[in-house]
Participant: 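One structure is given below, represented as structure tokens, and several questions about it will come after.
When a ligand or atom number is given, it counts from 1 through the structure's own listing order. Scope of the values below: all heavy atoms of this structure, side chains included, with no hydrogens, waters or symmetry mates. Sequential numbering from 1 along the given sequence is applied to the chain's residues.
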Amino acid sequence: MPSPKARNSAGGGGGGGSIGGGVGGNSGRYEFMSLSRSAPPSGLQRQGSDPTTARLRAADSPTRRRGSGSSTSSTGGQQLPEEDCMRLNPSMIGIALSSLLAIDLWLSKRLGVCACEESSWGSVRPLMKLVEVSGHGIPWLVGAAYCLYKSDSAAGQEVMLNLLMALVLDLVLVGIVKAVVRRRRPAHNRMDMFVTFSVDRYSFPSGHATRAAMCARFLLAHLVLAAPLRVLVLLWAVFVGFSRVFLGRHNVTDVAFGFFMGYCQYNLVEALWLSPLMLQSMMGQLE
Ligand SMILES: CC(C)=CCC/C(C)=C/COP(=O)(O)O
């Protein structure tokens, strides 16, 4: 498989000079024609050094593909792996991803209206920072620990203990994904956040969004709340997510994935749910 870098440089050299140039318009046609003119009949090995060429040729000659009927195609004594004929799809996925990322960066920059005091909505930045604190890990951990300590019913203690476990699990999982993906925060972000870990210099996914989605599901499932309060919990979660982009902390995709991840994390919490029976046996083992 050609690396995305190799693919891009091949597309650029073909006359397009951009990712879009290889798929449509005049540059796309130019690339296509120049290939059919210049490629020698037994030039398959040379195609290997130019992934775009190989891709276009594979797409250009369906008869060559259909003729083989096996996992490889034979042309002039050379074997063309079936894999070569499938390279069009990954390149389309690459283009789609690049386009999505470009839209993401553009939209996130436009929506970063509270990124600093001088921004268009800079005056509401303090309010956004308040929303930020409401979704931060520390108030949630302290709040859950306090409720656990104060709770006098077994059911209340069970729920609060599981909430604590969920919050720790969230910090660990988000930390792992951030450390693996290592996407930098938007350039317009000011790193003036309240207590962070070292992985929090990375932005994908938004830890506030995962926590908001997971905690909202948790509260809606385990607390008996009146309808207006349930709506408020949902609105809070959504607003925490939006505030990440408004503050310039995150790109839109960081928050969207954060919501998705937090939603899924709740399923994991349910699967790992610590029941009183389990707790008793754990306590017994400790004693
Ligand atoms: C120090 C503790 C307990 C939690 C850190 C919480 C935090 C700062 C998460 C980063 O959130 P974003 O990824 O949304 O910026």
Participant: Are any of the N or O atoms of R211 closer than 3.5 Å to those of ligand 1?
Facilitator: no
Participant: Return yes or no for this condition: an N or O of R185 is under 3.5 Å from an N or O of ligand 1.
Facilitator: yes
Participant: So F246 and W121, would you call those rings parallel, tilted or perpendicular, with 30° and 60° as cut-offs?
Facilitator: tilted
Participant: Any N or O on S206 sitting closer than 3.5 Å to an N or O of ligand 1?
Facilitator: yes
Participant: For ligand 1 and G207, I'd like to know whether there is a polar contact (N/O to N/O, distance under 3.5 Å).
Facilitator: yes
Participant: Just checking R190: does its CZ atom have more than 12 heavy atoms from other residues, nucleotides or ligands closer to it than 6.0 angstrom?
Facilitator: yes
Participant: Taking the basic N atoms (NZ, or NE/NH1/NH2) and the acidic carboxylate oxygens, is any pair closer than 4.0 Å for R249 and D192?
Facilitator: yes
Participant: Answer yes if the ring centres of F218 and W273 are under 6.0 angstrom apart, and no otherwise.
Facilitator: yes
Participant: Could you list which atoms of ligand 1 come closer than 4.0 Å to a heavy atom of V195?
Facilitator: 1 (C), 5 (C), 8 (C)
Participant: Determine whether the side chains of R183 and T253 contain a donor N or O and an acceptor N or O closer than 3.5 Å.
Facilitator: yes
Participant: Any donor-acceptor pair under 3.5 Å linking the side-chain atoms of N251 with those of R185?
Facilitator: no
Participant: For atom 2 (C) of ligand 1, what is the closest protein heavy atom, and at what distance to 0.1 Å?
Facilitator: F197 CE1, 3.6 Å
Participant: Looking only at atom types and distance, does a side-chain atom of S134 sit under 3.5 Å from a main-chain N or O of V131, one as donor and one as acceptor?
Facilitator: yes
Participant: Flag H208 as yes when one of its N or O atoms lies below 3.5 Å from any N or O atom of ligand 1, and as no otherwise.
Facilitator: yes
Participant: Give yes or no for whether the N/O distance cutoff of 3.5 Å, strictly under, is met between K178 and ligand 1.
Facilitator: yes
Participant: Pull out every atom of ligand 1 sitting under 4.0 Å from any heavy atom of L171, numbered as shown with elements.
Facilitator: 3 (C), 4 (C)
Participant: To which protein heavy atom is atom 7 (C) of ligand 1 closest, and what is the distance rounded to 0.1 Å?
Facilitator: D200 OD2, 3.7 Å
Participant: Taking atom types as modelled, is there a side-chain donor on S206 or D254 under 3.5 Å from an acceptor on the other?
Facilitator: no
Participant: Would T196 count as being in polar contact with ligand 1, using the rule that some N or O on each side must be under 3.5 angstrom apart?
Facilitator: no
Participant: Just to confirm my output: which protein heavy-atom neighbour is closest to atom 3 (C) of ligand 1, and how far is it?
Facilitator: I138 CG1, 3.7 Å
Participant: Kindly work out whether a path of hydrophobic side-chain contacts (I/L/V/M/F/W/Y, heavy atoms less than 4.5 Å apart) joins V159 to L229.
Facilitator: yes
Participant: Starting from atom 12 (P) of ligand 1, find the nearest protein heavy-atom neighbour and note its residue, name and distance.
Facilitator: H250 NE2, 3.1 Å
Participant: Please determine whether residues L225 and V231 belong to a single hydrophobic cluster, defined as Ile, Leu, Val, Met, Phe, Trp and Tyr linked transitively by side-chain heavy-atom distances below 4.5 Å.
Facilitator: no
Participant: Among the heavy atoms of R249, does any lie under 4.0 Å from an atom of ligand 1?
Facilitator: no
Participant: Please state which part of V174 comes within less than 4.0 Å of ligand 1, counting heavy atoms only: side chain, backbone, both or neither.
Facilitator: neither
Participant: Looking only at heavy atoms, is any part of R244 under 4.0 Å from ligand 1, and if so is it the side chain, the backbone, or both, or is it neither?
Facilitator: side chain
